[in-house]
Asks: 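Quick one: this structure, given as C-alpha cells, is what I'll be asking you about.
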Amino acid sequence: MIVDHDLDVASSLGIKPFRAKGPWWSGDLQTLRNRILRPVTPIPGQSKRLFLDLNDGTSDKLWAMLDAPDISADAPLVVLVHGLTGSEDSDYMRCSTAFFLRQKYRVLRLNLRGAGPSINQCVGHYHSGCADDIHIALNALPKDLLDKGVFMIGFSLGGNILTHLLANRDLAFEIKGAVTISASIDPAGAAQRLMASRNTLYQKWLLKQMTLECLSTRSYIAPDLRKRLLRVRSVYEFDDTFTAPRNGYKDADDYYAKTSGWQIVPEINVPTLLIHAENDPWIPAKPYKLLAQKKLQKSHIQLTKNGGHVGFHSCDYRDRWYDVVAGAFFDMV
C-alpha cells in the first residue's frame with residue numbers, strides 16, 4: 001500500500017484525515033500541547049501491578065500496569081510501549097489506555113527496563129535495541145492474558161523497538177496487529193534532527209531527562225563516567241559516551257546502525273501500521289517515504305502533513321487521532 005499524505009490508510013478505514021485542533025496548528029504546538037496544558041487522563045476500570053521477570057541474572061524486572069474495564073470483552077490484550085524518558089504514566093500512555101478501555105479491551109502499560117516506577121530498581125536500562133526485554137516479559141505474562149492474542153502499540157523509541165520485536169522474534173503467543181506512533185525508525189537521523197539549532201530546547205530537556213534516568217539505576221557508574229555524563233551537550237555524545245558502550249555497541253554510530261528499524265520493516269509479517277507526521281520536529285519523515293515506495297508484506301505507512309511528535313490532537317475526534325486510527329485498524333485485522 002503506497003500512501004500520499006492524506007489519501008491513506010485512515011481514509012480506507014473510514015477515519016477522517018487528520019486536521020489539527022486549534023490553536024495547536026503547527027508541529028511544535030502539536031508536540032508540546034500536553035506539556036503546556038498538563039492534563040491528567042483518568043484511567044477507568046481496575047488496575048493491577050505486574051512484575052515480569054527478565055531471567056538474565058540481574059534480578060531486573062519489567063514493571064507493568066494491567067488495566068481492565070469493568071466489563072471486559074472477549075478481545076485481545078492491548079500492550080503499550082512508551083518512548084524515550086517515558087513511562088506508564090506518560091500522557092500518551094494514559095490517553096491510549098483510556099481509549100482502549102472504553103472499547104472494552106484490557107490494556108498493559110509496559111515500563112521498559114529502568115523506566116518509570118522501576119527507575120531505581122534495575123541494574124540495566126532500556127535502549128533502542130532492547131526488543132529481547134519485551135519478548136521475555138510478554139512470554140512471562142499469565143496465559144489467560146495471551147490466549148486471545150495481543151495487539152501492540154509503540155510510541156517513538158518504543159515504536160522502533162517494536163519493529164525489531166515484530167521482525168525478529170519467534171513468539172509463544174500471537175501478535176494479531178501492531179501500530180507505531182512517531183517511531184524513531186532511523187536513530188541516526190533522529191539524533192541529527194534533535195541536534196539541529198531549531199531543536200536546542202528540545203535537546204536540552206531530553207538530555208536532562210536521559211541523564212537523570214541513567215544515573216538512577218542500581219548499577220554502579222564510575223565517578224569519572226558520571227562527570228562525563230553531566231558534561232555531555234548532545235544526544236549523540238550521550239549515546240556515544242553511555243548508551244552504546246553500556247549495551248555492547250562499539251560507539252554511537254554502531255548503536256544507531258544496528259538498532260535502526262526502518263530497514264527491517266519489510267521483514268515484518270504481522271499486520272502493522274506505522275503512523276508518522278511530516279512536521280514531526282524530532283523524527284525525520286524520509287525513511288517513511290522510502291518505505292512507502294517499497295512492496296511491504298504486512299506493513300502499511302500512514303504519513304500525514306501535520307501531527308507533530310506523538311501529538312495528533314484532532315479537531316474531529318475527542319481522542320488522539322492515532323488512537324482512533326489504531327482502533328479501526330485493529331478492528332480490520
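Sequential numbering from 1 along the given sequence is applied to the chain's residues.
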Asks: Side chains of residues 145-157: which donor-acceptor partners sit under 3.5 Å, not counting sequence neighbours?
Replies:
| residue | atom | partner | partner atom | Å |
| --- | --- | --- | --- | --- |
| Lys148 | NZ | Asp74 | OD1 | 3.3 |
| Ser156 | OG | His309 | NE2 | 3.0 |

Asks: Between NZ of Lys258 and OH of Tyr249, what distance do you get to the nearest 0.5 Å?
Replies: 8.0 Å
Asks: Walk me through it: do Lys61 and Asp56 pass the test salt bridge (charged side-chain N to carboxylate O under 4.0 Å, His left out)?
Replies: CA-CA 10 Å; Lys61 295 175 173 56; Asp56 61 357; over 6 Å; no
Asks: Considering all heavy atoms of both residues, which atom of Thr259 and which atom of Tyr255 are nearest to each other, and what is their separation?
Replies: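 Result for this residue pair: OG1-O, 2.7 Å.
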Asks: May I have all residue pairs that pass ring pair (Phe, Tyr, Trp, His ring centres under 6.0 Å) and include part of residues 68-91, sequence neighbours excluded?
Replies: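 Ring pair (Phe, Tyr, Trp, His ring centres under 6.0 Å) check on residues 68-91 returns His82-Tyr126.
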Asks: Between side-chain atoms of residues 175-197 and protein atoms elsewhere (two or more places apart, or another chain), which donor-acceptor pairs fall under 3.5 Å?
Replies:
| residue | atom | partner | partner atom | Å |
| --- | --- | --- | --- | --- |
| Ser182 | OG | Val310 | N | 2.9 |
| Asp186 | OD1 | Gly189 | N | 3.3 |
| Arg193 | NH1 | Asp280 | O | 2.9 |

Asks: Can you tell me if Arg38 has over 12 outside heavy atoms packed within less than 6.0 Å of its CZ?
Replies: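 No.
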Asks: Less than 3.5 Å apart, which donor and acceptor atoms pair up between the side chains of residues 265-275 and the rest of the protein, not counting sequence neighbours?
Replies:
| residue | atom | partner | partner atom | Å |
| --- | --- | --- | --- | --- |
| Thr272 | OG1 | Val270 | O | 2.8 |

Asks: Under 3.5 Å, sequence neighbours excluded: what are the donor-acceptor pairs made by side chains of residues 229-237?
Replies:
| residue | atom | partner | partner atom | Å |
| --- | --- | --- | --- | --- |
| Arg233 | NH1 | Arg231 | O | 3.0 |
| Ser234 | OG | Glu237 | N | 3.0 |
| Tyr236 | OH | Asp253 | OD1 | 3.3 |
| Tyr236 | OH | Asp253 | OD2 | 3.1 |
| Glu237 | OE1 | Arg233 | N | 3.0 |

Asks: Which residues pass the side-chain hydrogen bond (donor to acceptor under 3.5 Å, both in side chains) test with Tyr105, sequence neighbours left out?
Replies: none
Asks: If I take atom NE2 from residue His164 and atom CD1 from residue Ile134, how far apart are they, to the nearest 0.5 angstrom?
Replies: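 The CD1 atom of Ile134 is 10.5 Å from NE2 of His164, to the nearest 0.5 Å.
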Asks: Can you tell me how far CG of Asp224 sits from CZ of Arg228, rounded to the nearest 0.5 angstrom?
Replies: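 That separation rounds to 6.5 Å.
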Asks: Classify the ring geometry between Trp282 and Tyr202 as parallel (under 30°), tilted (30 to 60°) or perpendicular (over 60°).
Replies: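 Judged by the thresholds at 30° and 60°, the geometry between Trp282 and Tyr202 is perpendicular.
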